[in-house]
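Only heavy atoms go into these numbers, but all of them, side chains included; no hydrogens, no water, no symmetry mates. It should be emphasised that the depicted structure is a prediction, and the values quoted were computed from it without experimental measurement. Letters A, B, ... mirror the listed sequences (proteins, then strands); counts begin at 1.
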Number of protein chains: 4
Amino acid sequence: MTEKQTEAKKIYQQHRDRQRMALLAAAKKLFIEKGIQGTTLGDIAVEAGVTRVTVYQYFTNQSDIAWAILERIFESSKEVRHNALQLDGTGYERIAACLAGFLQSLIHDPGNFCFLAQFDSMYAGKQDVARLLEMTQRIFGGAPALVTEIIRKGIEDGSLRSNLNPALTAATIVNVALATGVRLTIHRKSVEIEYGHTIEQIFGEACQLLLQGIRTP
Amino acid sequence: MTEKQTEAKKIYQQHRDRQRMALLAAAKKLFIEKGIQGTTLGDIAVEAGVTRVTVYQYFTNQSDIAWAILERIFESSKEVRHNALQLDGTGYERIAACLAGFLQSLIHDPGNFCFLAQFDSMYAGKQDVARLLEMTQRIFGGAPALVTEIIRKGIEDGSLRSNLNPALTAATIVNVALATGVRLTIHRKSVEIEYGHTIEQIFGEACQLLLQGIRTP
Amino acid sequence: MTEKQTEAKKIYQQHRDRQRMALLAAAKKLFIEKGIQGTTLGDIAVEAGVTRVTVYQYFTNQSDIAWAILERIFESSKEVRHNALQLDGTGYERIAACLAGFLQSLIHDPGNFCFLAQFDSMYAGKQDVARLLEMTQRIFGGAPALVTEIIRKGIEDGSLRSNLNPALTAATIVNVALATGVRLTIHRKSVEIEYGHTIEQIFGEACQLLLQGIRTP
Amino acid sequence: MTEKQTEAKKIYQQHRDRQRMALLAAAKKLFIEKGIQGTTLGDIAVEAGVTRVTVYQYFTNQSDIAWAILERIFESSKEVRHNALQLDGTGYERIAACLAGFLQSLIHDPGNFCFLAQFDSMYAGKQDVARLLEMTQRIFGGAPALVTEIIRKGIEDGSLRSNLNPALTAATIVNVALATGVRLTIHRKSVEIEYGHTIEQIFGEACQLLLQGIRTP
DNA sequence: GATGAATGAGTTTTCATTCAT
DNA sequence: AATGAATGAAAACTCATTCAT
C-alpha cells in the first residue's frame with residue numbers, strides 16, 4: 001500500500017517536472033519574442049498546450065517564470081564557463097578559452113542572450129538585487145573569484161600584463177563579454193547592416209581586443 | 001490681424017512643444033522605473049499632470065513615445081561623440097577622448113542607459129530594423145564611418161596597430177562601449193557588491209583594455 | 001468662457017449624480033434579491049443599463065455600494081424617526097408614534113429591511129465598527145439620545161413607568177423594533193404560514209407588548 | 001467474515017460521521033467569519049484539513065452545508081426550548097423561563113446567532129420557504145403550538161393578560177426574541193459603544209418589557 | 001486643446017467541478 | 001475514500017480608445 005502510494009507520488013512528481021519544463025520552454029520562447037511584460041500567462045498556456053489556469057498551478061506570475069528561466073540559463077552557462085576555466089595552459093590561454101566558449105554560446109544559443117536582455121529590462125527598476133545576488137552565489141558560487149584567480153595566475157606565469165588589477169580585470173572581462181553578447185544578439189540585423197560585419201565577427205574582434213589588452217606585450 | 005494670428009500661433013506652438021517635452025520627460029522617467037511595456041498612457045498622463053486623453057493629442061502609443069525619447073537621446077549623444085571625434089591629435093588620442101566622453105555620459109546621465117535597456121527589450125522581438133537604421137542614418141549620418149575613418153588615420157599616423165580592420169574595429173568599439181555602459185548601469189548595485197568595484201571603475205578598465213588592444217604595441 | 005465651463009461642469013455633475021442614484025437603485029434591488037455577496041458588479045451594470053466598467057467609475061466594489069445604500073436608508077429613516085419623535089404629547093404617545101412610523105416603513109418599504117439583513121450579514125465578520133458608528137453619528141447625531149430623552153420626559157410626565165432606565169429602555173426599543181422588522185420582512189412567507197398571522201400583525205403586537213411594558217400600569 | 005464486514009462498516013461509518021462533523025464545524029466557523037456566500041469550498045476544506053475534492057464526498061455545495069448547520073442548530077435549540085417550556089409553574093413563569101433560556105444561549109453560543117444572520121441573508125431572496133417549513137415541522141413539530149398553548153394556559157391560570165391572542169402573542173414573542181438575539185449579537189460592539197449597555201443587558205431588558213407586556217397588570 | 005464619460009477588448013484571478021489514480 | 005491534475009466558467013480589474021462637450 002505504502003509502496004504503491006510512493007510509486008504513484010513519484011509518477012506524479014515526474015509529470016509535474018515535465019510540465020514545469022514544458023511551461024518554462026514555452027515561456028522562454030514567448031519572452032524572447034514578445035518581451036516578458038508583453039507575454040501573458042494565457043499566451044504561455046496556449047504555447048504549452050494547456051489551459052490558462054493550469055499555469056497557475058506551477059507559477060504565480062511572469063516574473064516568477066522569468067526568474068526560473070534565468071536560473072536554468074545560469075545553470076547551463078555554469079558548465080560551459082567551468083569547463084573553459086579548468087583547462088590546462090597559461091592564464092592567457094584559459095581566458096581566451098573562456099571567451100571562445102562565450103562566442104560558442106552566442107552562436108548556438110542566441111535565445112539565452114535575448115532572454116537576458118528581456119530579464120534585464122524587467123529587473124532594471126526593481127529592487128531585486130538581493131535575489132539576483134543570492135542566485136548568482138548559489139549557482140556560481142566562487143565563479144567570479146575563479147576568473148580573478150586565473151588572471152592572478154596569468155600574471156604569475158607571465159602570460160598577462162603584470163600591472164593588471166586581477167579583480168577589476170575579471171569584472172571587466174565578464175561584464176564586457178556578457179554585455180556585448182546581449183547587445184549584438186538583439187541588434188544583430190541593424191548592426192550587420194550598419195557595420196557590414198556579422199555579429200560573430202564583431203564579438204570575436206571584441207574578444208581579440210580584450211585579450212590584446214591584457215596579455216603581456 | 002495677420003500679425004496677431006501669427007503671434008497666437010507662435011505662442012500655441014511653444015505651448016505644444018513644452019507639453020510634448022513634459023510628456024516625454026514624464027514618460028522617460030516611468031519607462032526607466034517600470035519598463036516601457038509596464039507603463040500605461042495613464043501613468044504618463046498622471047506623471048505629467050494631464051489627463052489620459054490629452055496624451056493622445058501628442059502621441060499615438062507607448063512605442064511612439066519610446067522612439068521619440070530614443071531620438072532625443074541620439075541627438076544629445078551626437079554632440080558628445082562629435083566633439084570628441086573632431087579633436088586634434090593622433091587617432092589613438094581621439095578614440096580615447098571618445099571613450100572618455102562615453103564614461104562622462106555614463107556618470108552624468110545614467111538614465112539614458114537605463115532607457116536604452118528598456119528600449120532594446122521592447123525593440124528586440126519587433127522587426128523595426130528599418131526604423132532604427134533610418135533614425136541612426138538621419139541623426140548620426142556618417143558617424144560610424146567617422147569612427148572608421150579615425151581608426152584608419154590612427155593606423156596611418158602610427159598610433160594604432162597596423163593590422164586592424166578599421167570598419168570591424170570601429171563596430172567593435174562602439175558596440176562594446178554602448179553594451180557595457182547599458183549593462184553596468186542596470187546592474188550597478190549587484191555588480192558593485194559582487195565585484196567590489198564601482199561600475200565607473202569597471203567601465204574605465206574596459207576602455208583601457210580596448211585602447212591597449214588597438215594601440216601600437 | 002469661465003461661465004460656460006462652470007455651466008458645463010454643473011451639467012456633468014448633475015449627470016454624475018443621476019447615474020450614481022441609478023446605480024445605487026439597481027444595486028439595492030439586486031442586493032435584496034441575491035444578497036450583497038451574491039451580486040456582481042456586472043449584474044449591477046446590466047440592471048442599470050451601463051457597462052461593467054462604467055460602474056468602476058462610481059464605486060470600487062460591492063461593499064462600497066452597500067455602505068452608500070445604507071447611508072441613504074439612514075438618511076431617509078432619519079426624517080421619519082425625527083418627525084415621530086418631535087410630535088407633541090406625552091412620552092408614551094411619542095414612543096408609540098415612533099413605533100407606528102416604524103410599522104409604516106415596514107409596510108411601505110420592506111426593501112429597506114431586506115437590505116439591512118443583507119448588510120448585517122456582510123458587516124458581521126468585519127471590523128468596520130468604527131465606520132458604522134461614524135456614519136450613525138454623522139447622520140443621526142444625537143438621535144439615540146433623543147429617544148432616551150423622550151423616555152425620561154415620559155417618566156416625568158407620568159406616562160411611563162418610573163422604574164425604567166431611560167438609556168437602557170431606549171436601546172432596547174430601538175433594537176427590538178429594528179431587529180423584529182428585519183426578521184419578519186425576511187421570513188414573511190414562512191412566518192405567515194407557520195403562525196397564521198401577517199407580519200404586520202405580529203410587528204404591531206410586538207409594538208403593543210413593548211408599549212405595555214413601558215407604560216405606567 | 002460477515003461479522004468482520006459489519007465491524008468494518010461500522011468503523012467506516014464512524015469515520016464518515018466524524019469527517020462530516022469536522023466539515024460542518026469548519027464551515028460554520030467560516031460562514032460566521034466571512035459569510036456563507038463569501039466562503040468557498042476550498043476555504044472549508046483547508047479549515048477542516050482535507051482537500052477541496054474531499055468535501056464533495058459529503059456535500060454538494062455551500063447551501064447544502066448551510067442547511068445542515070441550520071438543522072443542527074435547530075436540534076440543539078429544541079432541547080433548550082423544550083426543557084424551559086415543560087417546567088411546572090404558571091404560564092408567565094414558563095414563558096419567562098423560556099426567554100431566560102434564550103438569553104443563556106445568547107451568552108454561551110453567540111455563534112449560532114451569527115450563523116442565523118448569515119443564513120437569513122442567504123435564504124432571503126430564495127424561494128425555499130417550503131424547505132424551511134418542512135425542517136421546522138420535522139424538528140420542532142408542534143413547538144410554536146406549544147408556546148401558544150402555554151400562553152393559553154397562562155391566561156387561564158390568571159398569570160397572563162386575558163385579552164391576549166394566544167397564537168399572535170406566541171408568534172410575537174418567538175420572533176422578537178430570535179430577531180433581537182441575532183441583531184444584538186451581530187452588532188454587539190457598535191451597540192455597546194453607542195448605547196453604553198452590554199447586549200446581554202439590552203436583551204434582558206427586552207425580555208422584561210415583553211413579560212411586562214403580557215402579564216396580568 | 002483639453003476633458004469627463006463611456007466603453008470594448010483583453011488579462012488576471014478565483015472557484016466549483018470532473019477525471020484519473 | 002481521498003487526492004492531485006486539469007479545466008470551464010465567471011468575476012474582477014485594467015487599459016487604450018472614442019465621443020461629446
Side-chain angles (χ1 to χ4, degrees), chain A residues 4-5 7-13 15-16 18-20 37-45 48-62, chain B residues 8 11-13 15-16 19 37-45 48-63, chain C residues 4-5 7-13 15-16 18-20 37-45 48-62, chain D residues 8 11-13 15-16 19 37-45 48-63:
Chain A
K4 223 175 178 177
Q5 281 184 350
E7 179 63 17
K9 270 205 171 165
K10 198 175 141 195
I11 288 177
Y12 267 139
Q13 193 56 45
H15 173 68
R16 249 193 107 76
R18 258 202 316 280
Q19 279 282 46
R20 199 185 137 91
Q37 309 220 46
T39 301
T40 70
L41 289 193
D43 295 335
I44 298 171
V50 297
T51 61
R52 216 183 358 253
V53 188
T54 303
V55 181
Y56 278 90
Q57 305 216 342
Y58 294 88
F59 303 99
T60 328
N61 50 37
Q62 291 118 309
Chain B
I11 288 176
Y12 163 51
Q13 192 56 43
H15 171 68
R16 260 193 93 80
Q19 278 280 48
Q37 310 220 44
T39 302
T40 70
L41 289 193
D43 294 335
I44 298 172
V50 297
T51 63
R52 209 178 16 243
V53 189
T54 304
V55 180
Y56 279 89
Q57 309 227 345
Y58 295 89
F59 304 99
T60 327
N61 49 37
Q62 290 121 304
S63 134
Chain C
K4 224 175 179 177
Q5 281 185 349
E7 179 63 16
K9 269 203 170 166
K10 197 176 141 194
I11 289 176
Y12 268 137
Q13 192 56 45
H15 173 69
R16 250 193 106 75
R18 257 202 317 279
Q19 279 281 47
R20 199 184 137 90
Q37 309 219 47
T39 302
T40 70
L41 290 193
D43 295 336
I44 298 172
V50 297
T51 61
R52 219 187 348 261
V53 188
T54 303
V55 181
Y56 278 92
Q57 304 218 341
Y58 294 87
F59 304 100
T60 326
N61 49 38
Q62 291 117 309
Chain D
I11 288 177
Y12 161 53
Q13 191 56 45
H15 171 68
R16 261 194 90 82
Q19 278 281 47
Q37 310 222 43
T39 302
T40 70
L41 289 194
D43 294 336
I44 298 171
V50 297
T51 63
R52 209 177 16 242
V53 189
T54 304
V55 181
Y56 280 89
Q57 308 227 346
Y58 296 88
F59 304 99
T60 329
N61 49 37
Q62 289 121 305
S63 134

In whole angstrom, give the distance that lies between atom [atom1] of [X] and atom [atom2] of [N].
{"X": "D:Tyr56", "N": "F:dT7", "atom1": "OH", "atom2": "C1'", "answer": "12 Å"}
{"X": "B:Leu41", "N": "E:dT3", "atom1": "CG", "atom2": "P", "answer": "15 Å"}
{"X": "C:Arg52", "N": "E:dG10", "atom1": "CZ", "atom2": "C1'", "answer": "11 Å"}
{"X": "A:Gln57", "N": "F:dT7", "atom1": "CD", "atom2": "P", "answer": "9 Å"}
{"X": "B:Gln37", "N": "F:dT14", "atom1": "CD", "atom2": "C1'", "answer": "16 Å"}
{"X": "C:Arg20", "N": "E:dG4", "atom1": "CZ", "atom2": "C1'", "answer": "17 Å"}
{"X": "B:Phe59", "N": "E:dG1", "atom1": "CZ", "atom2": "C1'", "answer": "15 Å"}

Closest to the C:Thr54 side chain, choosing from E:dA6, F:dA12, F:dT17
E:dA6

Consider the side chain of C:Val53, meaning its heavy atoms from C-beta on, and name the nucleotide among F:dC13, F:dA5, F:dC15 that approaches it most closely.
F:dC15

For [X], report the nucleic acid contact type (base, sugar-phosphate, nothing); a contact means any heavy atom under 4.0 Å.
{"X": "C:Thr40", "result": "sugar-phosphate"}
{"X": "C:Gln62", "result": "sugar-phosphate"}
{"X": "C:Thr39", "result": "nothing"}

Suppose we screen for side chain to side chain donor-acceptor pair (under 3.5 Å). Which residues come up paired with A:Thr51, at least two apart in sequence or across chains?
A:Thr54

The residue, C:Asp43 or B:Gly42, whose nearest nucleotide of DNA chain F is more 5′ is C:Asp43

Quick one: on DNA chain F, does D:Gly49 or B:Gly38 contact a more 5' nucleotide (nearest heavy atom)?
D:Gly49

To the nearest 0.5 Å, what is the distance between [atom1] on [X] and [atom2] on [Y]?
{"X": "D:Arg16", "Y": "D:Gln19", "atom1": "CZ", "atom2": "CD", "answer": "9.0 Å"}
{"X": "C:Thr40", "Y": "C:Gln62", "atom1": "OG1", "atom2": "CD", "answer": "7.5 Å"}
{"X": "A:Leu41", "Y": "A:Phe59", "atom1": "CG", "atom2": "CZ", "answer": "10.0 Å"}

Indicate whether OP1 or OP2 belonging to [N] is found under 4.0 Å from a side-chain N or O atom of [X].
{"X": "A:His15", "N": "E:dT21", "result": "no"}
{"X": "A:Gln19", "N": "F:dA6", "result": "yes"}
{"X": "C:Tyr58", "N": "E:dA6", "result": "yes"}
{"X": "C:Thr51", "N": "E:dT7", "result": "yes"}
{"X": "D:Arg16", "N": "F:dA1", "result": "yes"}

Could you list the residues that satisfy side chain to side chain contact (heavy atoms under 4.5 Å, CB included) with D:Gln37, not counting sequence neighbours?
C:Gln37

Runs of at least three Watson-Crick or G-U pairs with DNA chain F, cut-off 3.5 Å:
E:2-21 with F:2-21

